[in-house]
Amino acid sequence: MKKLVIFDVDGLLLNTEFIWQKIWNEVGKRNHVPAFGPLFHKAVGTNGDMVMNMLRKELPALTSDEIDKLRDDVFALGDVQMDRDLSLMPGAKELLACLEEKKIPMAVGTATSRIKTMERFAKMQITQYFSCIVCGDEVKKRKPDPEIYQTLLAKMKTAPEDALVLEDTCYGVEAAHRAGIDVIMVPSINAPTGTDRQRACAILDSLYDVHKLISYGTIQLMPAHSSGEAAL
């Protein structure tokens, strides 16, 4: 039985990945670089350095200044559109409420910075659901390294076999797998790979499906004896 459910954020709880995808397409059009938008799928789940290295490789005709401008335009447009279009992913509200009702502790492991994460959680009014939140600027190594999940397990005093991770990317699935935690994949931008299918205990279409598995008892959960104090 699982005693802890750990959520990824971007593309899993929040629709941020889909907002960024639109932004990349728009920035590519504005800068007359049509190849830029479709490259977003290679950026999903990676960090800034990995993205810039990928762009230099995929767009060799552009100068460093031109690539830097694409990046800067993405961030500038992102500030506007993220504030306007941010929303919960389908089924997120229902799943969070279900787990809260069942008194199942919940935690978050995200590559996004703490400032951005807490701002977005406050906007969506979901901060109160989580006993522990670990962000990308609070660990040394990013997913697919398992550090963020190992850190969460230590903070929550939970064994790997007693936790369940919900992820949307191959990097997150690999991180959970390497941490020894069962993981359910709910893909967002990129379809699951053969390796994802081997590592994940299930691949589902939405968080509604996760909610159904819990409701039907397919995923068995053990309520916490005491909620304790939040360790955000």
Side-chain angles (χ1 to χ4, degrees), residues 2 4-26 40-41 43-45 74-75 77-136 143 148-149 152 163-173 175-176 183-192 200 202-216 219 221 227 230-232:
K2 301 302 181 183
L4 173 67
V5 177
I6 305 173
F7 290 81
D8 175 51
V9 176
D10 298 295
L12 190 282
L13 270 179
L14 303 179
N15 69 331
T16 47
E17 298 288 23
F18 298 94
I19 295 174
W20 286 123
Q21 185 179 46
K22 292 179 182 179
I23 290 169
W24 276 55
N25 287 327
E26 178 61 26
F40 177 70
H41 76 95
V44 173
V74 163
F75 286 139
L77 191 56
D79 288 338
V80 176
Q81 292 199 12
M82 201 65 68
D83 185 62
R84 183 188 68 195
D85 298 334
L86 186 68
S87 67
L88 292 171
M89 289 291 286
K93 182 177 180 180
E94 292 80 2
L95 179 57
L96 292 171
C98 171
L99 292 171
E100 181 183 49
E101 181 181 358
K102 293 179 179 294
K103 295 181 170 52
I104 306 302
M106 291 173 271
V108 163
T110 176
T112 301
S113 70
R114 176 161 288 270
I115 290 176
K116 290 294 185 184
T117 298
M118 301 313 288
E119 285 178 353
R120 293 167 185 173
F121 277 24
K123 183 178 178 65
M124 294 295 101
Q125 300 181 344
I126 60 173
T127 310
Q128 72 277 9
Y129 288 108
F130 302 106
S131 300
C132 185
I133 296 173
V134 177
C135 300
K143 302 173 187 177
I148 196 164
Y149 288 128
L152 277 166
L164 174 68
V165 166
L166 303 178
E167 272 283 359
D168 71 301
T169 70
C170 62
Y171 299 105
V173 169
V183 55
I184 291 177
M185 187 180 194
V186 183
S188 57
I189 299 295
N190 293 328
I203 296 180
L204 304 176
D205 291 333
S206 76
L207 294 179
Y208 281 121
D209 296 319
V210 180
H211 186 194
K212 289 178 183 177
L213 290 183
I214 292 172
S215 299
Y216 296 157
I219 299 175
L221 304 170
S227 58
L232 298 180

Report the distance from atom [atom1] of [X] to atom [atom2] of [Y], rounding to the nearest 0.5 Å.
| X | Y | atom1 | atom2 | result |
| --- | --- | --- | --- | --- |
| S206 | D168 | OG | CG | 13.0 Å |
| L99 | L164 | CG | CG | 9.0 Å |
| L12 | L88 | CG | CG | 11.5 Å |
| E119 | S113 | CD | OG | 7.5 Å |
| I203 | D209 | CD1 | CG | 12.5 Å |
| L213 | L207 | CG | CG | 11.5 Å |

Considering non-hydrogen atoms only, spot the tightest contact between [X] and [Y] and give its length.
| X | Y | result |
| --- | --- | --- |
| D8 | T110 | OD1-CA, 4.3 Å |
| A176 | V183 | CB-CB, 3.8 Å |
| E17 | S188 | CG-OG, 4.4 Å |
| F130 | I133 | CB-CG1, 4.0 Å |
| F18 | M89 | CE1-CE, 3.5 Å |
| D10 | R120 | OD1-NH1, 3.8 Å |

Does [X] reach the side chain of [Y], with side-chain heavy atoms less than 4.5 Å apart?
| X | Y | answer |
| --- | --- | --- |
| T127 | M118 | yes |
| M82 | K116 | no |
| E100 | M106 | yes |
| I214 | K102 | yes |
| D83 | K123 | yes |

Next on the checklist: Under the rule for side chain to side chain contact (heavy atoms under 4.5 Å, CB included), what residues qualify as partners of N190, not counting sequence neighbours?
Outcome noted: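 N190: side chain to side chain contact (heavy atoms under 4.5 Å, CB included) contacts with H41, V44.
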Next on the checklist: Could you walk me through whether F121 and L14 satisfy the side chain to side chain contact (heavy atoms under 4.5 Å, CB included) test, starting with their C-alpha distance in whole Å, then the side-chain angles of each, then the deciding distance to 0.1 Å, before giving a yes or no?
Outcome noted: CA-CA 9 Å; F121 277 24; L14 303 179; 4.3 Å; yes
Next on the checklist: Test side chain to side chain contact (heavy atoms under 4.5 Å, CB included) on V5 and L95; report intermediate values, then the result.
Outcome noted: CA-CA 11 Å; V5 177; L95 179 57; over 6 Å; no
Checklist entry - Does a side-chain N-to-carboxylate-O contact under 4.0 Å join D85 and K22? => result no
Checklist entry - Step by step, would you call N15 with L86 a side chain to side chain contact (heavy atoms under 4.5 Å, CB included)? => result CA-CA 6 Å; N15 69 331; L86 186 68; 3.7 Å; yes
Checklist entry - Can the ring centroids of F7 and Y129 be said to lie less than 6.0 angstrom from one another? => result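 Aromatic pair excluded; centres sit 6.0 Å or further apart.
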Checklist entry - Within the distance-only criterion (no hydrogens, no angle test), does the side chain of K143 pair as donor or acceptor with the backbone N or O of G109 below 3.5 angstrom? => result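 Side chain of K143 to backbone of G109: a pair is present.
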Checklist entry - Do other residues, nucleotides or ligands put more than 12 heavy atoms under 6.0 Å from E101 CD? => result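 Open: at most 12 neighbouring heavy atoms sit under 6.0 Å from CD of E101.
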Item to check | Evaluation steps, side chain to side chain contact (heavy atoms under 4.5 Å, CB included), between T112 and V9 | outcome: CA-CA 8 Å; T112 301; V9 176; 5.7 Å; no
